[in-house]
Amino acid sequence: MKVLLFGREGKVGSVLMASLAAAGHDVAGVEAGEPVDATGFDAAVDFTTPSAVRGNAVAALSAGVPCVIGTTGLTEEGLAGLDGLARDQRVACFVAANFALGAVLMMRFAAEAARSFPKAEIIELHSDTKLDAPSGTAKATAALMGGEVPVHSVRLPGLVAHQEVILGGLGETLTIRHDTTSREAFVPGVLLALDRVRGLPPGLTVGLDALL
Ligand code: NAP
C-alpha cells in the first residue's frame, strides 16, 4: 500500500518508517511544518501530537484517504468531527489508544475483573515526553471497567508505556500489568489496521479490539 506517515521522525514514527517499509508498504513520511498532499495514497497513519493530529487527519480524509490514528489526546469533539468528515468522504477513520496486543488483552482482563471487585484504581506510567495525561489507554480502560476508576499518571525518563490496574476486595487484591518495553510493540497492530482499514465502514472505528 502507498502509506502517508505523519510524524516520520517521532519515537514511534521512526520505528514505523522502517517497519512498514520492511512489510512491503511504500511509505512517505511527513514531519511538522512540511506541506501535505495526501492525494493518491491508500492510507494515512498519524503518530504526532494532540495539537497536530486533527489537522493531519482532516487533510487525509478530505482527500478521500482512510486514516489509522495512534496519536492520543483527541477530544470527544475532535473525534466526532473526524467521524462526520470520514462519513461525508465515505472512508474509514480508525483510532486506537494502544496498538500493542498485550495492552488490548490487559484492558479486556481488567473489564472482566471489574465485574467481581468493588473498587479499582489505575496507575499509568509513560516517558516524560508524553504530552497528554491521563493516557488514552488509561481512559479507555476506565471506561470499559465502568463506574468511577481513579487514574494516576507517572511521567519519567526511562519509561516507555506501562499500566497497572489494581483491583481491591475483601482481604485480597488483583494486579493486572502491561509493559511496553520497545516501540516495536505497536508495529503488528498498525500493520493489522492498515490491512483492514479500507474494509471498515465509513466513519470512526475505535480500538484494536474491533479488528481482533
Ligand atoms: P514524539 O516522539 O514526540 O513524536 C511526534 C512526532 O510528530 C515528532 O517528530 C513531531 O515533530 C511530529 N509532528 C508534530 N506535528 C506534526 C505535524 N503537524 N505533522 C507531522 N508530524 C508532526 O511522540 P511519540 O512517542 O512518537 O508519540 C506520538 C503520539 O502517539 C503521542 O500522542 C503518543 O501518545 C501516541 N502513542 C500512541 C500509541 C498507540 O499505541 N496508540 C503508542 C505510542 C505513542 P517535532 O518534534 O518537530 O514537533
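Counting convention: from 1, in listed order, for ligands and their atoms alike. Numbering starts at 1 and runs along the sequence shown. This one's a predicted model, so the numbers in the text were calculated from it and none came from an experiment.
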*Would you say the side-chain atoms of His126 pair up with the backbone N or O of Arg155, donor to acceptor, closer than 3.5 Å?*
no
_I'd like to check whether Ala96 has a polar contact with ligand 1, where a contact means an N/O of the residue lying under 3.5 Å from an N/O of the ligand._
yes
*How far is atom 30 (O) of ligand 1 from its nearest protein heavy atom, and which residue and atom is that?*
Phe47 CD2, 3.5 Å
_Ring-plane angle category for Phe99 and Phe94, please: parallel below 30°, perpendicular beyond 60°, tilted otherwise._
perpendicular
*asked:* Return the closest protein heavy atom for atom 4 (O) of ligand 1 as residue, atom name and distance.
replied: Gly10 CA, 3.2 Å
*Would you say atom 9 (O) of ligand 1 touches the protein, meaning some protein heavy atom is under 4.0 Å from it?*
yes
*Glu34 side chain to Glu31 main-chain N or O, any donor-acceptor pair under 3.5 Å?*
yes
*More than 12 heavy atoms of other residues, nucleotides or ligands under 6.0 Å from CZ of Arg177: is that the case?*
yes
*atom 18 (N) of ligand 1: nearest protein contact (heavy atom, Å)*: Ala52 CB, 3.4 Å
*With no hydrogens and no angle check, is any side-chain donor or acceptor of Thr48 less than 3.5 Å from a backbone partner on Phe6?*
no
*Just distances here: any N/O of Phe6 and N/O of ligand 1 closer than 3.5 Å?*
no
_Quick check on side chain to side chain contact (heavy atoms under 4.5 Å, CB included): which of Leu85, Thr39, Asp88 does Ser62 satisfy it with?_
Leu85
*Could you check if a side-chain atom of Leu20 sits within less than 4.5 angstrom of a side-chain atom of Leu191, using non-hydrogen atoms only?*
yes
*Judging by distance only, is a nitrogen or oxygen of Ala100 under 3.5 angstrom from one on ligand 1?*
no
*Looking only at heavy atoms, is any part of Phe186 under 4.0 Å from ligand 1, and if so is it the side chain, the backbone, or both, or is it neither?*
side chain
*asked:* For ligand 1, which is the ligand I care about here, please tell me if Thr49 has any N or O atom under 3.5 Å from one of the ligand's N or O atoms.
replied: no
*Subset of ligand 1 atoms that lie under 4.0 Å from at least one heavy atom of Lys130*: 34 (O)
*asked:* Give me the nearest non-hydrogen protein atom to atom 33 (C) of ligand 1 as residue plus atom name, then the distance to 0.1 Å.
replied: Thr72 OG1, 3.8 Å
*Any donor and acceptor pair, going by atom type alone, linking the side chain of Glu124 with main-chain N or O of Pro134 inside 3.5 Å?*
no
*Answer yes or no: is there a side-chain heavy-atom contact under 4.5 Å between Met106 and Thr137?*
yes
_Please confirm whether Thr129 approaches ligand 1 to less than 4.0 Å, judged on its heavy atoms._
no
*With respect to atom 29 (C) of ligand 1, which of Ile69, Asn98, Thr48, Thr137 exhibits the smallest heavy-atom separation?*
Thr48
*So, are Glu148 and Lys119 salt-bridged, with charged N and O less than 4.0 Å apart?*
no
*atom 47 (O) of ligand 1: which protein heavy atom is closest, and how many Å away?*
Glu31 OE1, 3.4 Å
*Can you see which heavy atom on Leu5 is nearest to which on Gly13, and at what distance?*
CD2-O, 3.5 Å
*Test of proximity, Gly70 against ligand 1: N or O pairs below 3.5 Å*: yes
*Asn56, portion touching ligand 1 at heavy-atom distance under 4.0 Å*: side chain
*Do me a favour and list the nearest non-hydrogen protein atom to atom 25 (O) of ligand 1 with residue, atom name and distance?*
Lys11 CE, 3.4 Å
*Which segment of Ala97 sits under 4.0 Å of ligand 1 when only heavy atoms are counted*: backbone
*Do Asp179 side-chain atoms and His162 backbone N/O form a donor-acceptor pair below 3.5 Å?*
no
*Heavy-atom side-chain proximity of Leu167 to Met145 below 4.5 angstrom*: yes
*Compare Ala32, Gly189, Ser51, Ala185 and give the one whose heavy atom is closest to atom 16 (C) of ligand 1.*
Ala32
*How far is atom 44 (C) of ligand 1 from its nearest protein heavy atom, and which residue and atom name does that atom have?*
Val12 CG2, 3.7 Å
*Numbered atoms and elements of ligand 1 in range of Phe99, under 4.0 angstrom, heavy atoms*: 39 (C), 40 (O), 41 (N)
